[in-house]
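The following block contains the structure, expressed as structure tokens.
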Amino acid sequence: MTPVSSKQYADDVSLLMVLIDTNPLFWSSTATSFSFPKFLSQFLSFLNSILLLNQLNQVVVIATGLNSCDYIYDSSLSHTNQRAETLLQKLEEFVYKDEKLINKNDSVNGVGSSLLSGSLSMALCYIQRVFRSGSLHPQPRILCLHGSQDGPGQYVAIMNSIFSAQRSMVPIDSCVIGSQNSAFLQQASYITGGVYLKPQYLDGLFQYLTTVFATDLHSRSFLQLPKPVGVDFRASCFCHKNTIDMGYICSVCLSIFCKHHQKCSTCGSAFGQPQTSNLKRKAPDNGND
Amino acid sequence: MSNYGNGKGKPPVTGEEDDDDEEEGNERDLEAWERAYADERSWESLQEDESGLLRPIDNQALHHAQYRRRLRSLSAASAASRIQKGLIRYLYLVIDLSRAAGEMDLRPSRMMVVAKQVEAFVREFFDQNPLSQIGLVTIKDGIAQCLTDLGGSPESHIKALMGKLGCSGEASLQNALELVHEQLNQIPSYGHREVIILYSALSTCDPGDVMETIQKCKKSKIRCSVIGLSAEIYICKYLCQETGGLYAVALDEAHLKELILEHAPPPPAIAEFAIANLIKMGFPQRTAEGGISICSCHKEAKLGGGYTCPRCKARVCELPTECRICGLTLVSSPHLARSYHHLFPVTPFDDIAPMIVPNQHRRPKTCFGCQQSLLNPGNMPVRCVTCPKCKQFFCLDCDIYIHESLHNCPGCESLRDSKSVA
């Protein structure tokens with residue numbers, strides 16, 4: 001991709017893609033002081049303040065649901081005096097549709113994981129469309145307001161999105177509103193040059209959002225934003241899911257093992273012998289972070 | 001050398017054209033608009049329809065059609081036999097710096113164009129193959145020399161190449177192959193051995209029998225590809241056929257770029273060529289901020305911000321690298337993750353022709369990925385594509401972006417059925 005710096009227009013115009021987590025299992029487990037309606041009221045105030053910062057700022061909201069993802073709001077398409085109403089209406093329709101897609105036979109551990117890889121991919125496609133629109137466009141960035149756990153099945157898809165964002169020079173900021181740190185989002189923010197934050201007091205979420213995530217990319221060089229601490233880039237082995245310091249990599253499929261094996265469990269290659277050409281490739285059960 | 005200040009004369013055939021370097025109009029041999037007629041022949045790209053009227057050139061559709069042809073041919077090859085890809089590659093780039101590389105049919109000279117494309121290729125290669133290594137070899141005055149050894153840092157290769165651009169003498173294919181063969185024999189058996197030769201000359205000046213060298217390379221399982229810059233040469237074609245590589249001749253600079261970047265993604269691996277092996281690798285942690293240690297790559301004291309080898313605790317500055325003290329390959333998990341999309345590619349999308357179908361109202365009005373309208377201003381549907389798995393509709397630009405850069409289908413990723421919960 002061509003570097004973003006050759007396509008800049010005004011320095012401080014931003015396009016903010018917000019990915020909000022609407023996982024009902026997660027929201028039903030948060031404290032009553034931080035329920036979904038309270039979160040939404042702080043979130044809407046934050047969106048309004050972004051749009052106030054610059055006349056040309058643009059905000060797009062994508063909902064990350066438990067079973068689907070969809071666009072909720074695009075500030076370039078709607079009228080200025082009905083923002084909250086349109087957003088909330090679409091959000092309600094989305095949550096209703098998402099709930100209907102729940103498969104009753106699935107059992108869920110804890111709060112489950114929402115489809116972050118889907119909404120990240122959609123956000124990146126939208127950003128590419130903005131790049132294509134010519135040399136005058138706002139500077140895009142992505143903000144993930146996420147609370148659900150990391151789904152190990154999404155690892156490859158999220159890493160693909162992260163690398164694509166890195167190539168297009170789109171930072172991915174993360175604000176984690178759940179109880180645990182998210183390793184995927186830590187890596188995302190570190191690799192793409194975004195900010196990762198896990199606020200201590202969720203009642204004051206609006207204050208965190210406006211002080212850390214509201215500034216445009218150009219002004220960030222003048223601010224002291226939370227620095228990345230302790231991003232763990234060690235891999236997990238495929239056999240036990242333990243984090244390892246040193247391991248063995250299959251040269252064919254790059255699966256990680258902690259001990260020496262005779263055969264690769266992912267691609268079936270026998271080690272140390274020349275392979276035959278009819279090998280079966282099974283879907284891997286990857287789970288590293 | 002006569003003066004072409006009036007711009008009317010034709011340039012001499014031997015090509016003493018330094019018009020690219022000068023900006024002043026009266027110094028140049030041909031103005032840019034004149035070059036469009038004399039050299040680039042822009043009228044040849046116009047098309048006529050049946051009644052002889054000029055048709056506007058639809059660049060976007062052409063570009064997309066070309067892209068889909070390429071994608072179809074790639075996917076047909078790989079889907080047919082589930083060919084594995086060689087992910088750990090040891091690649092030698094052989095650059096011909098003989099007298100023929102000074103020809104100016106590519107502006108400013110073949111050698112400069114090749115150097116520019118090689119720089120882009122090296123960066124793209126390490127982006128797509130973080131665990132692989134590249135080495136550079138030049139052919140000059142009939143001798144092949146190793147410009148850089150096999151290594152994983154793009155900057156060192158590019159710097160070495162840009163410093164040594166001078167052409168003279170003859171080109172020798174055999175010497176280059178002998179050198180590469182000797183170097184590639186030293187690499188571990190799980191690596192895929194490849195050579196890409198950027199050949200400008202029309203002949204080769206060899207000290208012995210080049211056919212013997214080709215057989216030696218074939219026996220050592222080195223996959224040789226050649227990109228010619230002048231014309232097709234039988235010996236190059238034979239070399240590529242014998243070793244299983246690709247041979248192509250570049251028509252112009254854009255075509256050269258396309259041909260060379262085709263080699264950046266991992267090629268289909270012939271299973272017998274590389275023995276599957278377990279490679280021991282280390283995953284270093286970042287050193288604590290504020291700790292001072294001497295780094296093993298630059299041999300100077302550095303403050304914080306590096307990585308510690310898990311086996312010998314030496315400090316290295318960047319990843320991926322090989323620890324200089326104990327020889328352990330050091331990577332981080334994102335480096336491995338960069339190659340996973342080669343193993344799980346996105347299925348090619350199906351074309352939807354913009355016909356008027358009876359159930360057209362069931363077609364979505366916007367692209368699922370970017371929300372761009374899929375209807376023309378006159379409410380006519382435009383060309384779009386659909387994913388065979390999730391049945392979502394995408395516009396042509398998203399199709400290209402998804403398959404070339406993102407490697408995830410947004411529709412499939414937004415479906416719960418293919419995911420496991422927690």
Notebook entry, point to check: B:Gln392 versus chain A, heavy atoms under 4.5 Å apart: side chain, backbone, both or neither?
Noted result: neither
Check: Charged N to carboxylate O below 4.0 Å: is that the case for A:Arg129 and B:Asp397?
Finding: no
Check: Which pair of heavy atoms, one from A:Val252 and one from B:Ala276, lies closest together, and at what distance?
Finding: CG2-CB, 3.7 Å
Next item on the list: Would you confirm whether B:Arg416, through its side chain, and A:Ser68, through its main-chain N or O, come within 3.5 Å as a donor-acceptor pair?
Entry: no
Check: Side chain, backbone, both or neither: which part of B:Gln285 has a heavy atom under 4.5 Å from chain A?
Finding: side chain
Item checked: Working for side-chain contact (heavy atoms from CB on, under 4.5 Å), residues A:Ser119 and B:Glu413 -> CA-CA 8 Å; A:Ser119 46; B:Glu413 293 302 322; over 6 Å; no
Next item on the list: Quick one: pull up CG in A:Asp70 and OG in B:Ser414 and give me the separation to the nearest 0.5 Å.
Entry: 8.5 Å
Next item on the list: Take atom CD of B:Glu404 as the centre, draw a 6.0 Å sphere, and report whether it contains more than 12 heavy atoms from other residues, nucleotides or ligands.
Entry: yes
Check: Counting only N and O atoms by type, is there a donor-acceptor contact under 3.5 Å from the side chain of B:Tyr340 to the main-chain atoms of A:Leu254?
Finding: yes
Next item on the list: Supply the atom-to-atom distance A:Arg132 CZ to B:Cys395 SG, rounded to the nearest 0.5 angstrom.
Entry: 5.5 Å
Checklist line | Heavy atoms from other residues, nucleotides or ligands near NZ of B:Lys116 exceed 12 (cutoff 6.0 Å) | finding: no
Check: To the nearest 0.5 Å, how far apart are CD in B:Gln371 and OH in A:Tyr126?
Finding: 8.0 Å
Margin query: So, taking the atom named CG in A:Asn160 and the one named NE2 in B:His341, what distance separates them when rounded to the nearest 0.5 Å?
Written below: 6.5 Å
Notebook entry, point to check: By a 4.5 Å heavy-atom criterion (distance strictly below it), what part of B:Ile402 contacts chain A: side chain, backbone, both, or neither?
Noted result: side chain
Notebook entry, point to check: Does a side-chain heavy-atom distance below 4.5 Å link B:Pro334 with A:Phe163?
Noted result: yes
Checklist line | Top of A:Gly247, A:Ala123, A:Ser148, A:Ser114 for chain B proximity - count of heavy-atom pairs under 4.5 angstrom | finding: A:Gly247
Note to self: Taking side chain as everything from C-beta outward and backbone as N, CA, C, O, which of these in B:Arg286 sits under 4.5 Å from a heavy atom of chain A? Side chain, backbone, both or neither.
What the structure shows: side chain
Checklist line | Shortest non-hydrogen contact between A:Tyr71 and B:Cys370, atoms and distance | finding: OH-CA, 3.9 Å
Note to self: Could you report the tightest heavy-atom contact between A:Cys125 and B:Cys398, atom names first, then the distance?
What the structure shows: CB-SG, 3.9 Å
Checklist line | Polar side chain donor-acceptor pair, B:Tyr401 to A:Ser164, under 3.5 angstrom | finding: yes
Check: B:Gly282 and A:Met246: which non-hydrogen atoms are nearest, and at how many Å?
Finding: CA-CG, 4.0 Å
Next item on the list: Determine, step by step, whether A:Tyr248 and B:Ile279 satisfy the side-chain contact (heavy atoms from CB on, under 4.5 Å) criterion, reporting the C-alpha distance in whole Å, the side-chain angles of both residues, the deciding distance to 0.1 Å, and the verdict.
Entry: CA-CA 5 Å; A:Tyr248 296 91; B:Ile279 311 165; over 6 Å; no
Next item on the list: State, without any angle test, whether A:Ser161 and B:Asn408 hold a side-chain donor-acceptor pair at a distance under 3.5 Å.
Entry: yes
Notebook entry, point to check: What distance do B:Leu131 atom CG and A:Ile249 atom CD1 have between them, rounded to the nearest 0.5 Å?
Noted result: 7.5 Å
Next item on the list: Provide the closest heavy-atom pair for A:Cys69 versus B:Phe368 in the form atom of the first, atom of the second, distance.
Entry: O-CZ, 4.2 Å
Check: Non-hydrogen atoms of chain A under 4.5 Å away: do they reach the side chain of B:Leu328, the backbone, both or neither?
Finding: side chain
Notebook entry, point to check: What is the distance from atom CZ of B:Phe283 to atom CD1 of A:Ile256, rounded to the nearest 0.5 Å?
Noted result: 4.0 Å
Notebook entry, point to check: Side chains of B:Asp127 and A:Arg167: closer than 4.5 Å at any heavy-atom pair?
Noted result: yes
Item checked: Nearest heavy atoms of B:Leu278 and A:His261, plus distance in Å -> CD1-N, 3.4 Å
Check: Given side chains that start at C-beta, do those of A:Met159 and B:His407 come closer than 4.5 Å, heavy atoms only?
Finding: no
Check: What residues, two or more places apart in sequence or in another chain, satisfy ring-ring contact (aromatic ring centres under 6.0 Å, His included) together with B:Phe121?
Finding: B:Phe125
Check: So which part of A:Met122 gets closer than 4.5 Å to some heavy atom of chain B, the side chain, the backbone, both or neither?
Finding: both
Next item on the list: Let me know if A:Ile162 has heavy atoms under 4.5 Å from chain B in its side chain, its backbone, both or neither.
Entry: neither
